[in-house]
Amino acid sequence: MNVHESEKVAGILEEMGYRACLEGEKADIIVFNTCCIRDTAERRALGNIGVVKAEKKENPNLIIAVIGCMPQQEGVAETLKNRYPYVDIVLGTRNIAMLKDEIEKVLKSRSNIKKKSDKKYRCFDRSLPDNYLDIDEATPQSRTSYPNAWVNIIYGCNNFCTYCIVPYVRARELSREMSSVLDEVKKCVEDGYKEITLLGQNVNSYGNDIVDDSVNFANLLKKVDEIEGDFRVRFMTSHPKDLSDEVISVMANSRHICHNLHLPVQAGSNKVLRDMNRRYTREHYLELIAKLRKAMPDIGITTDIMVGFPTETEEDFEETMDLVREVRYSNAFTFIYSPRKGTPAAKMEQIPYAVKQARIEKLIALQNSITKEISNDYIGGVYRVLCEDMAGKHNGMVCGRTESGRLVTFPGENEDIGKFFDIEITEARSASLFCKKKV
Ligand code: 5AD
Ligand code: SF4
């Protein structure tokens, strides 16, 4: 989501005549697009904003903007205003389109400074405009992830999981018109993008805020699948309480939708799931996994898991470990619970950090061993892989993903990016698969 929003920032800046810096060049504008999902993300953002103080001293004409989730929180815009006097523009999650006007106002105010006492213009706006969808549809975007294209389908979240700050900083759910989403996907396919990822905090809620009952996620997927062309579709994130049988059936019978699903479980104990306000049980979740595997035996399933939620006991944690053994995820994103100000869980009694650390280490070790076993099963098989990028350190090698979402490194050139290949897997190293020679 943040990468895609940064593409919109790039679009706004390019329309104003700016371009991305080349290596070694000094920037005229630095925009920090921030996240506040965990304390570490927030601290990193503040640390990075601190670092540019010296740049601003060297170049007083530099414009510094801080946007996104972090300043949307109560009080953070004020902190930035007072403690970071060199920050010129602060915008929240639903008013980044104001960036153009605000940059122009800052530039104008600077040219008007005659005496020392003249104040420079600074902007601190975190409003949530009612006509956000119209504004967003008109915001230019400069895609940076070819051959992947991100397409937002729904903004915000209504779920209020007790640990999560997202509903507070991204406001209530707001679905885009189905026709706008379909037009955008068609345009991406026409422009040569090969993998479209539909985005939303909870894609399964798509259309709930639109009166027409036919506007729902399953129907959107069906319509996207009807678009002609050689491309793939993925989507994230799905909430287990809302993943319907219909969506599973559309996925299984589609032409373009990858058999790959990110289905965050968060915890394996019913007590913790209840305290997290996740509104599903371990049994319901496992039933979903069984249905998905029955409909698509080749599906790759990934998840998010949190350890150290305030009410998690050692027994609860062991239930999470058992669930991980049972589901056998191809990969899992694991997090230590981090209290977020203003959320209900932050007010509960917390468990010691050392306990959380010990739990996450056990969980990571377990998932790594499962990931490795699953990777080994790929050896000798031939898989369709979309070449997505050069493979950093490996000379003459490129990388891409199987339909199930596994990363494969194989021989190739820059020109191969954006093409599909049938790749025989010859080697597996934990989460990465390798091929010595293309078929
Ligand atoms: N602490 C740790 N992890 C969190 N997540 C959300 N809120 C928190 C928090 N307060 C994790 C969840 C979610 C992922 C995007 O981030 O696992 O699925
Ligand atoms: Fe946060 Fe829960 Fe909404 Fe996901 S569904 S963004 S975890 S509140």
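Along the sequence shown, residues carry numbers from 1. Numbering of ligands and ligand atoms starts at 1, following listing order.
- A salt bridge does not link Asp183 to Lys187: none of the charged side-chain nitrogens sits closer than 4.0 Å to a carboxylate oxygen.
- The ring of Tyr193 has its center closer than 6.0 angstrom to the ring center of Tyr146.
- In this structure, the protein non-hydrogen atom closest to atom 5 (S) of ligand 2 is Asn159 ND2, 3.4 Å.
- For Arg170, the closest heavy-atom approach to ligand 2 does not fall below 4.0 Å.
- Taking every non-hydrogen atom of Pro167 and a distance limit under 4.0 Å, the qualifying atoms of ligand 2 come out as 8 (S).
- Ion pairing of Glu42 with Arg44 is absent here, as no side-chain N (NZ or NE/NH1/NH2) approaches a carboxylate O to less than 4.0 Å.
- For ligand 2 and Arg278, the ligand atoms under 4.0 Å from any heavy atom of the residue are 2 (Fe), 7 (S).
- When all heavy atoms are compared, the tightest approach of Ser238 to Leu261 is OG-CD1, 3.8 Å.
- At least one N/O/S atom of Cys161, from backbone or side chain, sits under 2.8 Å from atom 2 (Fe) of ligand 2.
- When heavy-atom distances to ligand 2 are checked against a 4.0 Å cut-off, Pro264 has no atom that comes that close, whether in backbone or side chain.
- Counting only heavy atoms of the protein, atom 1 (Fe) of ligand 2 lies nearest to Cys164 SG, 2.3 Å.
- In terms of protein heavy-atom proximity, atom 3 (Fe) of ligand 2 is closest to Cys157 SG, 2.3 Å.
- Ring geometry for His284 against Tyr280 counts as tilted: the plane angle lies between 30° and 60°, on a 0 to 90° scale.
- Residue pairs that meet the salt bridge (charged side-chain N to carboxylate O under 4.0 Å, His left out) test with at least one member in residues 264-278, sequence neighbours left out, are Lys271-Asp316.
- For ligand 1, the protein residues placed under 4.0 Å by at least one non-hydrogen atom are Ile37, Arg38, Tyr163, Gln266, Asp304, Met306, Phe335, Ile336, Tyr337, Ser338, Arg340.
- Which parts of ligand 2 touch His239 is read off a 4.0 Å heavy-atom cut-off, strictly below it: atoms 5 (S).
- If you run side-chain contact (heavy atoms from CB on, under 4.5 Å) between Ile305 and each of Val324, Ile364, Leu323, only Val324 comes through.
- Listed by number with element, the atoms of ligand 2 under 4.0 Å from a non-hydrogen atom of Tyr163 are 7 (S).
- Tyr155 does not carry Arg170 over the face of its six-membered ring by the limits of under 6.0 Å from the centre and within 45° of the normal.
- When each atom of ligand 2 is checked for a heavy atom of Gln201 under 4.0 Å away, the hits are 6 (S).
- To the nearest 0.5 angstrom, Ile64 atom CD1 is 9.0 Å from Ile49 atom CD1.
- Protein heavy atoms are found less than 4.0 angstrom from atom 7 (S) of ligand 2.
- At a heavy-atom distance under 4.0 Å, only backbone atoms of Phe160 (N, CA, C or O) approach ligand 2.
- Between Glu361 and Lys356 no salt bridge is recorded (no basic side-chain N to carboxylate O distance below 4.0 Å).
- Remark: Glu5 CD to Thr34 OG1 distance equals 10.0 Å, nearest 0.5 Å.
- A pairwise comparison of heavy atoms in Leu62 and Ile29 identifies CD1-N, 4.0 Å as the closest pair.
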